[in-house]
Amino acid sequence: MSSNSKLSGYVSSLEGEMIDAMKRMISIPAISPESGGEGEYDRGEFLVSLLKENGITRVSRFDAPDRKAKHGIRPNIVASLGNGKGPSLWVISHMDTVPVGDRNLWKHDPFTAVVREGKIFGRGAEDNGQSLIASIYAAKAVIDAGLSPDVKISFVSDEELGSAKGIEYMLKKGAFSKGDEFLVPDSGSERGDAIEIAEKSSLWARVRTAGRQTHASTPASGLNASLAASRFMVFMTEYLYAKYDRKDHLFEPVPGSTFEPTKRLSNVENVNTIPGTDEFYFDCRILPSYRVSAILQDMRRVAALFSERTGAKIRVDVFKKSTAAEPSSTSSGIFRALAEAVKDMRGIEPRFVGIGGGTCANIVRLRGFPAAVWSTECGMAHQPNEYSLIRNMVEDAKVMAALFAR
Ligand SMILES: [Zn+2]
């Protein structure tokens with residue numbers, strides 16, 4: 001029997017343990033303080049004990065301080081399978097989850113895992129729980145096979161809100177060295193054949209409009225901020241889509257840039273008042289060949305024109321932005337090794353893609369590290385009734401184990 005088919009059989013035999021670990025983890029919420037949670041402390045402690053239970057004892061930590069989090073800590077945990085001296089292959093999964101959203105849309109308690117029809121339901125099951133568990137059991141498989149490769153599996157905080165207290169903090173503390181490579185199993189296709197090498201830039205812009213509140217029966221005595229903002233919103237959206245219309249078919253499922261008005265704050269309580277203020281947001285996902293600053297400049301220029309024309313004051317500012325790194329070169333070791341592991345363990349030919357979402361990979365790519373994003377997913381991230389397909393968790397662990405064993 002080849003060593004890969006031995007690993008594959010061994011990982012299959014761990015399925016029951018993996019399901020059990022996932023169920024225990026889902027019952028420990030890990031929502032960031034900014035989203036109303038306590039942070040990742042408890043989940044981090046659980047994962048450290050799970051590592052130990054499975055014979056993985058070389059654990060180090062990069063705890064980022066955060067007064068709003070439980071025990072003032074946003075944990076970042078690293079488990080080394082080797083002696084940690086040579087360049088390492090890192091596997092980065094995030095512990096934090098988004099909040100539940102509308103609780104009424106959930107069929108079960110989001111923090112009590114339910115196993116049904118080959119799926120494990122619960123908040124964070126797929127994003128990013130599936131990969132947290134898969135990476136631990138892949139590590140167990142290679143250790144139990146007597147190997148100690150230069151692999152580090154890492155569980156980070158704060159991914160959903162920009163990673164300042166997660167992978168950015170680890171970078172600042174010098175966790176990574178020259179020659180390190182990264183697997184970020186936080187996005188992927190349903191077949192498991194998509195290896196992501198590029199991400200779009202993102203711009204979250206806040207648009208605040210000031211008019212003058214008045215009685216709805218006498219609009220001329222005020223200035224309807226909601227109406228002025230709506231006109232600007234519609235024009236701006238169409239303008240950006242028309243001007244920045246380049247397509248790059250590396251990117252899936254949307255080959256172009258996107259410019260969508262999203263969140264809008266509620267304004268007046270009653271129907272018969274004309275709102276004096278308005279606030280809404282744009283979520284823009286921009287192909288790397290465009291400059292984020294050019295788009296922001298256009299928004300501000302058009303906002304100034306609309307302000308002049310309507311008398312309302314429209315201000316555009318940056319709520320959050322991230323610049324896309326250069327796509328990783330697919331000739332670096334991690335891409336060849338991962339493609340081979342996917343072929344070997346799954347019998348499928350992987351392809352290289354770009355995505356509109358953002359992951360930890362972009363952050364390390366910006367520092368010049370090669371990073372591959374890969375996993376097998378049903379696209380349940382952030383959805384009500386989120387689930388992880390048990391088969392995906394187990395099959396992904398097999399690919400990771402093959403990758404570690406090389
Ligand atoms: Zn994620």
[X] side chain to [Y] backbone, donor-acceptor under 3.5 Å:
X: W106; Y: V100; result: yes
X: R206; Y: E279; result: no
X: S88; Y: V151; result: no
X: N76; Y: I167; result: no
X: K200; Y: G256; result: yes
X: R212; Y: L223; result: no
X: E386; Y: E126; result: yes
X: R300; Y: V316; result: yes
X: Y137; Y: V394; result: no
X: N128; Y: S131; result: no

State, yes or no, whether a side-chain contact exists between [X] and [Y] at a heavy-atom distance under 4.5 Å.
X: N224; Y: D278; value: no
X: R208; Y: I314; value: no
X: K321; Y: S202; value: no
X: L338; Y: W374; value: yes
X: R123; Y: V98; value: yes
X: S375; Y: E377; value: yes
X: M95; Y: V156; value: no
X: M25; Y: I133; value: yes

*Cation-pi geometry met for K263 and Y281 (6.0 Å, 45°)*: yes
*Quick one: is the NZ or CZ of R309 closer than 6.0 Å to the six-membered ring centre of F306, and within 45° of its axis?*
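Judged by the rule, R309 and F306 form a cation-pi pair.
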Please determine whether the number of non-hydrogen atoms from other residues, nucleotides or ligands lying under 6.0 Å from atom [atom1] of [X] exceeds 12.
X: R301; atom1: CZ; answer: yes
X: R346; atom1: CZ; answer: yes
X: R391; atom1: CZ; answer: no
X: F319; atom1: CZ; answer: no

Going by distance alone, is a donor N or O of one side chain under 3.5 Å from an acceptor N or O of the other, for [X] and [Y]?
X: E196; Y: S187; answer: no
X: S230; Y: R264; answer: yes
X: D298; Y: Y244; answer: yes
X: Y387; Y: Q130; answer: no
X: H94; Y: D127; answer: yes
X: R285; Y: T258; answer: no
X: K398; Y: S12; answer: yes
X: R191; Y: T376; answer: no

*What orientation do F182 and W90 show, parallel under 30°, tilted 30 to 60°, or perpendicular over 60°?*
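F182 and W90: parallel rings.
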*Indicate the ring-plane relationship of F335 and F352, choosing parallel, tilted or perpendicular according to the 30° and 60° boundaries.*
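Perpendicular: the ring planes of F335 and F352 meet at over 60°.
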Write down the atom of [X], the atom of [Y], and the distance for their closest heavy-atom approach.
X: D109; Y: R103; answer: CA-NH2, 3.5 Å
X: P185; Y: I92; answer: CD-O, 3.2 Å
X: A198; Y: L250; answer: CB-CD2, 4.0 Å
X: L287; Y: F251; answer: CD2-CD1, 3.6 Å
X: V373; Y: R365; answer: CG2-NH2, 4.0 Å
X: F282; Y: P261; answer: CD2-N, 3.6 Å

*Go through R315 and V207 one step at a time and tell me if the side-chain contact (heavy atoms from CB on, under 4.5 Å) criterion holds.*
CA-CA 6 Å; R315 255 186 45 210; V207 181; over 6 Å; no
Does the pair [X]/[Y] count as a salt bridge with the N-to-O cut at 4.0 Å?
X: R351; Y: E252; value: yes
X: K320; Y: E160; value: no
X: E168; Y: R367; value: yes
X: R61; Y: E45; value: yes

*Take V234 and F232 through the side-chain contact (heavy atoms from CB on, under 4.5 Å) test and state the conclusion after the steps.*
CA-CA 6 Å; V234 172; F232 172 71; over 6 Å; no
Kindly compute the distance separating [atom1] ([X]) from [atom2] ([Y]), expressed to the nearest 0.5 Å.
X: T209; Y: M233; atom1: OG1; atom2: CE; result: 9.0 Å
X: I120; Y: M22; atom1: CD1; atom2: CE; result: 4.5 Å
X: I334; Y: I197; atom1: CD1; atom2: CD1; result: 13.0 Å
X: Q213; Y: N267; atom1: CD; atom2: CG; result: 9.0 Å
X: L89; Y: L81; atom1: CG; atom2: CG; result: 9.0 Å

_L403 vs V91, side-chain contact (heavy atoms from CB on, under 4.5 Å): CA-CA, chis, key distance, verdict_ = CA-CA 11 Å; L403 184 66; V91 181; 5.8 Å; no
*side-chain hydrogen bond (donor to acceptor under 3.5 Å, both in side chains) between K68 and S32, worked out*: CA-CA 9 Å; K68 286 174 288 176; S32 74; over 6 Å; no
*Among L51, L50, V48, which residue meets the side chain to side chain contact (heavy atoms under 4.5 Å, CB included) test with I56?*
L51
*With side-chain hydrogen bond (donor to acceptor under 3.5 Å, both in side chains) as the test, would you mind laying out the steps for E199 and T359 before giving the verdict?*
CA-CA 8 Å; E199 295 176 9; T359 73; 2.6 Å; yes
*With side-chain hydrogen bond (donor to acceptor under 3.5 Å, both in side chains) as the test, would you mind laying out the steps for S289 and R246 before giving the verdict?*
CA-CA 9 Å; S289 56; R246 222 175 267 159; 3.0 Å; yes
